Amino acid sequence: MSGDEGIEIYEEGEEIMDVSNEAEAKTEFEKGKGDENVLQFLDSLDEYLTLMDSVNSKLREGWFDLASARHSMGTLRINSTLLDLKYHPAASTLQVTEQEVPRFALSKWASKGGSGKEKHFSTDADSEMGSPRSPQLRHRGVFEEKSSAKDETVLAADEEIKKERAKSLSVFGGLVSPKLRGAQLSFETALETLVEIANMRSSMLSAFEGITKK
Amino acid sequence: MYGFEALTFNIHGGYLEAIVRGHRAGLLTTADYNNLCQCENLDDIKMHLSATKYGSYLQNEPSPLHTTTIVEKCTLKLVDDYKHMLCQATEPMSTFLEYIRYGHMIDNVVLIVTGTLHERDVQELIEKCHPLGMFDRYSNRPFASSRPHPVAASDRFSFSPLCFSHCFLFSSIATLAVAQNMRELYRLVLVDTPLAPYFSECLTSEDLDDMNIEIMRNTLYKAYLEDFYKFCQKLGGATAEIMSDLLAFEADRRAVNITINSIGTELTREDRKKLYSNFGLLYPYGHEELAICEDIDQVRGVMEKYPPYQAIFSKMSYGESQMLDKAFYEEEVRRLCLAFEQQFHYAVFFAYMRLREQEIRNLMWISECVAQNQKSRIHDSVVYMF
């Protein structure tokens, strides 16, 4: 009897120990998760502040290049009255994916009804070419053929982008100063950075929510 | 006869030459620019300019100022000075002074046509036009000659925006908006204007799009420069000698700018070559080489064969074109200042107008740098004159 009781107590003890071990493991896990959230938040915050500095600097550069272009080409050739009021499709669009953490993707120089050779700018690292996870590296022969076809596609896409860039600048005339093109590139980079900032802010808010839920 | 202008020039031109030399003394000096470069904001610039000839034009402008306001008011001062000289001038000086305006007329026509293509309001576009480039339609005058014919000073347009001629002007410039191609543009509006003779090379039925408008602009300017050059040659004497040098430099600079701006565009080599003027140091062999250039280093290679331009390009590093504008402006200012070293010719009027335009460009640049808090970059583009 007492032996049975002892076994019961022992088993209960074991259960209690299992439960407490489980609770401890769970606490450790949650603590780890919490630390991970804190780290993610701090990383996102750091990246966010860096990106904010970058966008301020790029915008400053863009406005200065625009002033240089006005100085070079003349105020009659670069002013707001030349901007096109006709209906035309947007040169760049923004897609928002409604997931647990909203993500933003910029589609630059995509023309409506075009050949679809737009350049997608996304912050998703897995979509980048030459990723270590890409299976193409394993098939060398096929990869070389695909690589040359890919190069041609990339070149054709670059040509399209060049044409779209020139088209958007054509409101100021067919022959514009290199300074105006420089200003366009600065503003384009600033736009990309703004999308990165939006994504970083989204991650930051998500990490902050994870921390505060605790 | 060259060398004997001193005997007769002052009869008709003495007063105006004295006026223009007086105006030249009022151009901003290096000390003025140094003071302006120290300004913290646009109100400081206005305060410093109040002690100059621009003072009365800026004093009533409310704060906060904008850089475009400063440029507009300074341009009004220039226009008033020009108007005073034009009203006092007799032939052939009056025709010479009229020629100075045609470049601005071309810019205004292109502005209206481009803005209309983009569905902008015509009134809004007219307000942006350069006042020196406004023109009347001489509708009661048969267009008998192929060159702009001289008119009496009293018949000339008025710069005042409130007078009747402005209403007439409004209707003629508004008519530009209905033109679909260059042939209509010419037939409806420009046939009775001083720009009419320059349209012979660009009369096509092609629709006006951005590239065609750009080609039209450059073709008109090419025809204008060539016509001005021939007119100065006919005048002879010191005017012909000095203006030939100044206009040749202008033609060469335009050729370089057209080349650089057309790199990477859809403008073909043949079309590019057609936009170069048929005179100047680079004509014809330099133009042949410039027409096939594909990057800035090739342009440099062409220009360094010509000693006057070798000095300009030597100031820039390879692959760089940022400082090219400043280098060209500095060379232009040097040549314009030299025009004042000789008397009894009309080139001083051209030089003065160009120097004032450079001064306004300097003020615009300084204002932009101050407004954008980029004072360290002011000296990238300011060109000092004296």
Side-chain angles (χ1 to χ4, degrees), chain A residues 53 55-89 91 109 155 158-187 190, chain B residues 67-68 71-72 75 104 107-108 110-111 114-115 117-121 124-130 133 209-215 217-218 257-267 272 275 296 321-322 324-326 329 357 360-362 364-365 367-369 371-374 377 380-381:
Chain A
D53 278 339
V55 80
N56 283 334
S57 157
K58 269 295 161 190
L59 283 173
R60 213 168 127 81
E61 194 181 311
W63 284 117
F64 189 77
D65 285 343
L66 189 61
S68 297
R70 285 187 79 217
H71 178 263
S72 169
M73 292 169 63
T75 51
L76 276 187
R77 290 201 59 188
I78 300 185
N79 59 72
S80 56
T81 51
L82 290 171
L83 296 175
D84 201 344
L85 288 183
K86 280 192 297 198
Y87 175 77
H88 56 275
W109 306 117
L155 279 171
D158 281 346
E159 272 304 309
E160 281 292 318
I161 290 168
K162 260 174 86 173
K163 279 185 190 163
E164 290 290 330
R165 279 202 183 110
K167 193 175 151 193
S168 69
L169 276 188
S170 65
V171 290
F172 299 116
L175 304 178
V176 297
S177 161
K179 290 175 186 172
L180 191 64
R181 296 195 187 119
Q184 184 186 42
L185 283 174
S186 297
F187 287 126
Chain B
T67 52
T68 50
V71 171
E72 273 169 23
T75 305
H104 295 294
D107 287 339
N108 284 351
V110 172
L111 173 72
T114 306
L117 193 71
H118 298 157
E119 294 185 3
R120 305 298 301 221
D121 181 47
E124 191 186 6
L125 295 168
I126 289 170
E127 282 168 14
K128 282 288 179 186
C129 287
H130 197 290
D209 63 16
D210 291 315
M211 186 48 92
N212 285 341
I213 290 173
E214 191 67 35
I215 291 174
R217 179 210 306 273
N218 286 289
N257 283 337
I258 286 168
T259 308
I260 291 173
N261 292 349
S262 62
I263 289 171
T265 66
E266 58 189 26
L267 193 70
R272 187 197 280 181
L275 301 180
I296 185 71
S321 65
Q322 299 291 327
L324 184 62
D325 282 330
K326 184 179 178 186
Y329 283 137
E357 284 169 9
I360 292 171
R361 257 196 303 275
N362 284 345
M364 188 207 86
W365 179 252
S367 304
E368 284 285 352
C369 287
Q372 293 187 27
N373 201 18
Q374 297 259 27
R377 305 288 299 270
D380 284 3
S381 291

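In what follows, chains carry the letters A, B, and so on, assigned in the order in which the sequence lines appear, proteins first and then strands, with residues in each chain numbered from 1. Source: prediction; values computed, not measured.
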message: With a 4.5 angstrom heavy-atom cut-off, is it the side chain or the backbone of B/Leu111 that approaches chain A, or both, or neither?
response: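 Answer is both: backbone and side chain atoms of B/Leu111 are under 4.5 Å from chain A.
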query: Measuring heavy-atom distances to chain A, does B/Ser381 have an atom under 4.5 Å in its side chain, in its backbone, in both, or in neither?
result: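 Both parts, heavy atoms under 4.5 Å.
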At what distance, to the nearest 0.5 angstrom, does [atom1] of [X] lie from [atom2] of [Y]?
| X | Y | atom1 | atom2 | answer |
| --- | --- | --- | --- | --- |
| B/Arg361 | A/Ser72 | CZ | OG | 9.5 Å |
| B/Glu214 | A/Arg77 | CD | CZ | 4.5 Å |
| B/Ile360 | A/Thr75 | CD1 | OG1 | 9.5 Å |
| B/Glu119 | A/Asp84 | CD | CG | 7.5 Å |
| A/Thr81 | B/Ile126 | OG1 | CD1 | 11.5 Å |

Which atom pair, heavy atoms only, marks the closest approach of [X] to [Y]?
| X | Y | value |
| --- | --- | --- |
| A/Leu82 | B/His118 | O-ND1, 2.6 Å |
| A/Leu83 | B/Arg120 | O-NH1, 2.9 Å |
| A/Pro178 | B/Asn261 | CD-OD1, 3.4 Å |
| B/Asp325 | A/Lys179 | OD2-NZ, 3.2 Å |

query: With respect to chain A, which residue among B/Lys326, B/Arg377, B/Glu124 yields the maximal number of heavy-atom pairs within a distance under 4.5 Å?
result: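 Heavy-atom pairs under 4.5 Å are most numerous for B/Arg377.
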- prompt: Can you find a pair of side-chain heavy atoms, one from B/Asn373 and one from A/Arg60, that are under 4.5 Å apart?
  reply: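 Yes, side chains in contact.
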message: Taking the side chain as everything from C-beta on, heavy atoms only, tell me whether A/Leu175 gets closer than 4.5 Å to B/Thr265.
response: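 Side chain of A/Leu175 against side chain of B/Thr265, heavy atoms only: contact under 4.5 Å found.
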List the atom pairs, with distances to 0.1 Å, where a side-chain N or O of residues 63-70 of chain A and a protein N or O form a donor-acceptor pair under 3.5 Å, not counting sequence neighbours.
unit_1: A/Ser68; atom_1: OG; unit_2: A/Phe64; atom_2: O; d: 3.1
unit_1: A/Arg70; atom_1: NE; unit_2: A/Ile78; atom_2: O; d: 3.1
unit_1: A/Arg70; atom_1: NH1; unit_2: B/Glu368; atom_2: OE2; d: 3.4

message: Please enumerate all residues that pass ring pair (Phe, Tyr, Trp, His ring centres under 6.0 Å) together with B/His104, with sequence neighbours excluded.
response: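 Result, ring pair (Phe, Tyr, Trp, His ring centres under 6.0 Å) vs B/His104: B/His130.
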- request: Return yes when atom CD of B/Glu266 has more than 12 non-hydrogen atoms of other residues, nucleotides or ligands closer than 6.0 Å, and no otherwise.
  value: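 At most 12 heavy atoms, drawn from other residues, nucleotides or ligands, come within 6.0 Å of this atom.
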